[in-house]
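Reading through the structure tokens given below for one structure.
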Amino acid sequence: MSELQYPVGMATFSELIEDGYVYVDKTAYIKPLLRQGKFKFLSRPRRFGKSLLLSTLETYFEGRRDLFKGLAADSMELDWNPRPVLHFDFNTGKYDEPMGLKNRLTAHLEKYERKYGITPRSEYDPALRFENVISCAYEKTGQQVAILIDEYDKPLLDIEDNKELYEKNQRLLKSFFGNLKSMDRYIRFAFITGVARFSKVSIFSDLNNLDDISMDKAYADICGWSEEELLRYFRQGIEDLAEERDENFEETLTALRDYYDGYLFSLKGSRLYNPFSVLKALKKKEIDPYWFDSGTPTFLARRIMRQGTFPPDINGKKCDREALQAVGLHDRNPLPLMFQTGYLTIADYNKDTGLYELRFPNREVEMGFYQQLLKVYVPDTTDPFSPFDFTLFKSDLAEGRPDDFMERLATLLKALPYEDHKESTYRAVTFLIAVLSGSPALAEHQNYRGRSDLEVFAGRNIYIFEFKYNKSLQEAMDQIRDRDYAGRYALDQRQIYLIGANFIEDKDSRGLEYEIRGRE
């Protein structure tokens, strides 16, 4: 069997087909996309196949049927006549500069003005130029235009903390997209994709006939790969990875599922794998957090920290459908945006309340997001020469050295910015350290008398933490004993450590004091 060609980072349909790369056939979606309504919107996480989907549509609208031979679309009754295609890709561009977005729009418009021999109506107004390009392309070809807009929201996501430029880019995008409705007679199809739909910034307010298919069950699997697709197209690759990992096929499939599967965009859809991470893992023959390493959600992590949200509380939160479908980038509640950007996914739905339960989709996302959170809490951990090596924390816990763990933790906490010293921050950092060191952890674990702050399980050891802020160690230790946090482990043969921690903060000093006892 020939070596599989993995299209890592490739998003050009014609290149994949002509050069013999593996292509997971999504062309069956072309006909239903065209059947109902002209204007459609799809939000999906980054690197989830949106750009390849638009490239596939572009190739179809260009009438290049030869490239679809053997694919689902080739056997469908479709109009294969070529038509003009206006493809605006916002994946690249420097949007943190005052003229960044306008320059990107201008570059796209100039390309199509040259292609169709169009004289610009206005050098300065991208919206007027866009309108002119649409009408002239139609008049010169006699065919309605297909408009494909990729990652429309990147000019906003890249500058979310620059309010003035954010509002400027928002106005420009609203003006640019606002022309689509008035140009309806010249347009055959318009498809807009992005990471999130920002309804509250009113970008789409003038396009009230935009059909958002992001949570539509008919399109739930349009991007991303189901396990059925994974096995159909990549069985050989999984076998090769299993051999490299010295595992059997099922063990490796379980590892891939744990790390990259779990995305759900509709209750009637399939659980989906992240295509980018799977391709990287199969090509490199190593399972690692590739998707998360390709870009980090710093602004989301900062918001979680500022709100004092305890990291484990992110899992299991609930939202209604309206909140999940339309968000504002600066909404106080970050959970809907975390869903749309792929850091949370649908875990369950309650018909009685109409609420969706959200959870991390897989290990790659959970560990990656926790790591980003820790870097926001403790900026020094971003230094590659930082002394806060997780392997040291891990060995402290696994080998039963709680004193070393707490001393290392005390040193880490001293690196916190002064304004971030509060109990919620200390609890969050301790939880993140434990989880990122590879130890399972339970936060606010409830028994018949109360809830422990944190319980960590490492090797033959169980650690039960109670945190206080500007109180006393005695109060922390009394609470562990009086509420019998260790009682549930009465028959457990593992070594149990009870750890009371008090974070001291006054005008003269700040720091961590602690006391450790064995099971009483």
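Other residues, nucleotides and ligands place no more than 12 heavy atoms under 6.0 Å from the CD atom of Glu243. Surrounding NZ of Lys111 are more than 12 heavy atoms belonging to other residues, nucleotides or ligands, all under 6.0 Å away. Heavy-atom contacts from other residues, nucleotides or ligands closer than 6.0 Å to NZ of Lys26 number more than 12. Around the CG atom of Asp246, the shell of radius 6.0 Å holds no more than 12 heavy atoms that belong to other residues, nucleotides or ligands.
Separation of the Tyr260 and Trp291 ring centroids does not fall under the 6.0 Å cut-off. Taking the ring centroids of Tyr233 and Trp225, they lie at or beyond the 6.0 Å cut-off. Aromatic ring centres of Tyr263 and Phe48 lie closer together than 6.0 Å. Outside the 6.0 Å centre-distance limit, the rings of Phe339 and Tyr356 are not counted as a close aromatic pair.
At least one donor-acceptor pair under 3.5 Å links the side chain of Ser55 to the backbone N or O of Phe13.
When each of Ile17, Asp74, Thr56 is checked for a side-chain contact (heavy atoms from CB on, under 4.5 Å) with Leu67, only Ile17 meets the rule.
A perpendicular orientation is assigned to the rings of Tyr152 and Phe41, their planes being inclined by more than 60° (bins at 30° and 60°).
Between Asp258 and Asn362, the side chains place no donor N or O within less than 3.5 Å of an acceptor N or O (distance only, hydrogens not considered).
Looking only at side-chain heavy atoms (C-beta outward), Asp96 and Asp158 stay at 4.5 Å or farther from each other. With contacts defined as side-chain heavy-atom distances shorter than 4.5 Å, the pair Ile159/Leu165 qualifies.
Salt bridge Arg359/Glu357: present, at least one basic N to carboxylate O contact under 4.0 Å. Ionic pairing of Glu228 and Arg232 is present here: one or more N-O contacts between side-chain nitrogen and carboxylate oxygen are shorter than 4.0 angstrom. A salt bridge is defined here as a Lys NZ or Arg NE, NH1 or NH2 lying under 4.0 Å from an Asp or Glu carboxylate O, and Glu247 with Arg245 meets this definition.
Separation of atoms NZ (Lys283) and OH (Tyr6) is listed at 10.5 Å; rounding is to 0.5 Å.
Taking both residues in full, the closest heavy atoms of Leu264 and Ser270 are given as CD1-O, 3.6 Å, listed atom of the first, atom of the second, then distance.
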